[in-house]
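Below is one structure, written out as structure tokens; comments come after it.
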Amino acid sequence: MGVRRQNGKILPPSKTDAGEPPIKPHKHQHQSAAVTHTLSLYLTNGLFFSLFFSVAYFLLHRWRDKIRNSMPLHVISLSELAAVTSLIASFVYLLGFFGFLDLFQSPTAATKPYPDDTLDDVIAPCAAATDKSEPPPISPNSDDEIVDSVVSGKMPSYSLESRLGDCRRAAAIRREALERITGKSLTGLPLDGFDYESILGQCCEMPVGYVQIPVGIAGPLLLDGKEFSVPMATTEGCLVASTNRGCKAMYLCGGATSVVLRDGMTRAPVVRFGTAKRAAELKFYLEDPENFDTLAVVFNKSSRFGRLQGIQCAIAGKNVYMRFRCSTGDAMGMNMVSKGVQNVLDFLQNDFSDMDVIGISGNFCSDKKPAAVNWIEGRGKSVVCEAIIKEEVVNKVLKTNVAALVELNMLKNLTGSAMAGALGGFNAHASNIVSAVYIATGQDPAQNVESSHCITMMEAVNDGKDLHISVTMPSIEVGTVGGGTQLASQSACLNLLGVKGASKDSPGSNSRLLASIVAGAVLAGELSLMSALAAGQLVNSHMKYNRSSKDVTKVQAT
């Protein structure tokens with residue numbers, strides 16, 4: 001049976017394929033069937049629950065009367081025999097319903113949303129289609145038949161790529177199955193125009209489309225004598241324009257200067273011993289300088305670029321948290337450092353056979369969570385960026401004055417953040433710029449949490465006429481290879497900045513430059529927003545430029 005396509009859409013087979021085309025069930029018919037199944041399940045459960053308790057109550061009263069009248073319990077009447085049979089039957093049903101027996105299966109079990117598979121069972125079929133040595137079989141079935149199989153639970157949704165050998169077709173079938181199961185329309189979520197093979201096995205599993213986020217350009221950002229056009233992916237109005245204004249102010253004053261203070265990704269496993277004394281022995285062993293060279297050799301054999309820099313230990317009772325820090329070249333480096341840590345853990349088992357490895361990550365790293373250890377010790381790239389803004393530029397471009405900016409920064413970013421108990425949040429909106437640049441360049445958006453740690457400082461200089469502004473960001477986690485950086489759109493943005501891929505001349509220089517650009521963009525954003533606040537422009541600008549004119553009452557939602 002052939003499958004016809006038109007403009008990338010799935011169409012039912014023509015009548016010439018095999019007689020009359022199969023009738024495609026409407027999504028509301030599926031909803032009706034699901035409701036009928038659910039209703040019948042409720043009725044059946046209610047019947048057996050009622051039966052169980054009613055016959056149990058009946059038998060207890062009968063046996064109580066027999067005991068009072070000195071009648072033998074083993075002599076039962078026909079009604080008592082029926083009650084005992086009903087009690088046993090309802091009890092067996094309830095055991096099956098609650099999962100103690102496999103005699104009964106819920107009518108919805110075939111279409112349960114989470115099959116009983118391990119993580120590898122789910123990911124492996126998704127990645128199997130990347131193996132080009134043996135092409136996966138192409139299903140001869142029509143798309144409608146495959147959708148029916150997914151809806152009924154006969155075919156796992158995650159196996160479509162490997163079984164069909166066509167990532168675009170798999171996404172379309174999964175999308176149609178999802179619409180039928182949920183009864184919700186995905187109209188408005190684009191399907192065509194995306195290379196689904198590029199994400200297979202590395203970026204996203206079980207895709208049904210992609211989300212469009214506009215990319216704006218702020219700049220030129222004059223940083224360390226070079227100009228950069230900074231791509232920012234965001235849906236917030238005024239953000240790019242505001243950052244662009246900050247770039248202009250810095251450009252007119254000779255630009256900004258940055259310094260990468262430290263470059264090291266971390267991973268901290270947690271291990272447990274029988275006693276706190278043994279835990280302390282491991283801590284002393286790891287922090288002994290005489291053992292570092294041996295551990296570094298073991299760690300470094302996992303990668304050409306991963307190089308162990310140090311190990312910091314913390315103890316909680318008989319548990320040891322080991323925070324490994326290493327350089328990772330131009331990669332963000334989470335996988336690289338994890339492999340090195342695993343090598344060291346395997347090596348330590350020789351001398352610490354009683355060591356129980358609880359987890360490769362014990363949150364002392366700390367990844368994707370606000371933590372004082374990152375704020376103090378740093379993670380990824382630690383960068384400081386500064387600029388001096390002339391009084392004339394502050395007045396004419398930023399529409400405020402130096403004294404007002406310095407006072408606002410002290411009361412808002414420093415004192416106000418302290419009053420709020422902020423952890424690494426001594427800034428106006430560093431997260432705004434970090435998130436926008438991260439999404440545009442293929443970084444992990446979740447690492448915006450610690451990457452946005454930033455303290456903004458402002459000071460009047462040159463006899464109080466000019467403004468010195470700086471941002472210190474201790475944990476910018478970026479890479480120019482791996483993950484989302486390999487996708488076409490994100491790769492184009494990295495290419496725009498001149499940091500695409502790995503540096504052949506100086507490994508790690510591209511990722512460090514990207515971190516400096518992030519800090520420079522944050523500096524521009526901080527300067528502009530603080531100026532808008534000092535001048536009382538924030539509300540007016542957002543009311544003018546960040547308000548939708550669309551009548552949302554006319555937007556229909558299914």
Side-chain angles (χ1 to χ4, degrees), residues 117-124 262-329 331-382 423 444 446-447 449-450 474-475 477 479 482-483:
D117 299 311
T118 65
L119 185 59
D120 284 341
D121 293 331
V122 176
I123 295 179
R262 180 182 293 182
D263 180 7
M265 181 50 64
T266 64
R267 174 58 86 200
V270 53
V271 299
R272 182 171 57 195
F273 289 90
T275 64
K277 180 179 178 181
R278 283 291 286 165
E281 291 175 0
L282 176 62
K283 172 181 167 64
F284 297 147
Y285 175 87
L286 291 174
E287 294 181 344
D288 187 342
E290 295 183 359
N291 299 324
F292 180 81
D293 289 342
T294 301
L295 296 174
V297 171
V298 175
F299 184 99
N300 296 346
K301 70 179 183 179
S302 64
S303 170
R304 291 184 299 158
F305 302 104
R307 294 294 177 265
L308 184 64
Q309 297 174 344
I311 306 174
Q312 177 186 1
C313 294
I315 285 186
K318 55 184 182 179
N319 306 299
V320 184
Y321 296 81
M322 302 170 280
R323 192 172 191 258
F324 290 77
R325 186 181 73 252
C326 80
S327 59
T328 57
M332 184 270 288
M334 286 297 301
N335 293 333
M336 192 183 300
V337 66
S338 295
K339 288 192 296 182
V341 167
Q342 187 62 57
N343 287 343
V344 173
L345 291 176
D346 295 339
F347 174 79
L348 290 175
Q349 291 281 1
N350 297 324
D351 293 326
F352 297 88
S353 58
D354 55 336
M355 180 180 71
D356 184 12
V357 179
I358 304 301
I360 191 68
S361 175
N363 276 11
F364 189 47
C365 314
S366 171
D367 186 42
K368 301 173 184 176
K369 292 165 283 292
V373 69
N374 291 336
W375 176 238
I376 298 171
E377 299 291 338
R379 188 171 195 254
K381 279 70 173 172
S382 300
L423 177 59
D444 189 338
Q447 289 186 323
V449 176
E450 62 269 37
S475 50
E477 299 161 341

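Quantities reported herein were computed from a predicted structural model and do not represent experimental measurements. Residue indices begin at 1 and follow the sequence shown. We use all heavy atoms of the structure for the numbers below, so side chains are in, but hydrogens, waters and symmetry mates are not.
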Closest heavy-atom pair and its distance - Ile315, Val320: CG1-CG2, 4.3 Å
Within-4.5 Å side-chain heavy-atom neighbours: Asn291 and Pro289: no
Non-hydrogen atoms of Thr266 and Val337 that approach each other most closely: O-CG1, 4.1 Å
Full working for side-chain contact (heavy atoms from CB on, under 4.5 Å) between Asp444 and Lys368: CA-CA 9 Å; Asp444 189 338; Lys368 301 173 184 176; 2.8 Å; yes
Nearest-0.5 Å distance, CH2 of residue Trp375 to OG of residue Ser366: 15.0 Å
CG/Asn343: more than 12 non-hydrogen atoms of other groups inside 6.0 Å: yes
Where Gly317 and Ala279 come nearest, the two heavy atoms and their spacing: O-CB, 4.2 Å
Residue pair Met336 / Ser327: nearest heavy atoms and the distance that separates them: SD-O, 4.4 Å
Check: Gly274 main-chain N/O paired with Asp354 side-chain donor or acceptor under 3.5 Å: no
Ser353 side chain vs Asn350 backbone, donor-acceptor pair below 3.5 Å: no
CD1-CE distance between Ile358 and Met355, expressed to the nearest 0.5 angstrom: 10.5 Å
Test side-chain contact (heavy atoms from CB on, under 4.5 Å) applied to Phe347 and Thr294, step by step: CA-CA 10 Å; Phe347 174 79; Thr294 301; 3.8 Å; yes
Side-chain touch Asp351/Leu282, heavy atoms, less than 4.5 angstrom: no
Approximate separation, where rounding is to 0.5 Å, of Ile311 CD1 and Leu295 CG: 5.0 Å
Student check: side-chain heavy atoms of Lys381 and Arg262 closer than 4.5 Å: no
Backbone of Met334 reached by a side-chain donor or acceptor of Ser338 within 3.5 Å: yes
Any Leu286 side-chain heavy atom under 4.5 Å of Phe292 side chain: no
Shortest non-hydrogen contact from Pro370 toward Leu423: C-CD2, 3.8 Å
Rounded distance (nearest 0.5 Å) linking atom CZ of Arg325 with atom CD of Gln312: 8.0 Å
CZ on Arg267 to CZ on Phe324, rounded to 0.5 Å: 11.5 Å
Minimum heavy-atom distance Ala331-Thr328, with the two atoms named: O-OG1, 2.9 Å
For Arg379, salt bridge (charged side-chain N to carboxylate O under 4.0 Å, His left out) partners two or more places apart: Asp367, Glu450, Glu477
Exam field: side chain Asp288 to backbone Phe284, donor-acceptor pair closer than 3.5 Å: no
Donor-acceptor contact below 3.5 Å, side chain Arg307 vs main chain Arg304: yes
Geometric class of the Phe352/Phe273 ring pair [parallel <30°, tilted 30-60°, perpendicular >60°]: perpendicular
Spatial distance of atom CE (Met322) from atom CG (Leu345) [nearest 0.5 Å]: 5.0 Å
Evaluation steps, side-chain contact (heavy atoms from CB on, under 4.5 Å), between Tyr321 and Val271: CA-CA 7 Å; Tyr321 296 81; Val271 299; over 6 Å; no
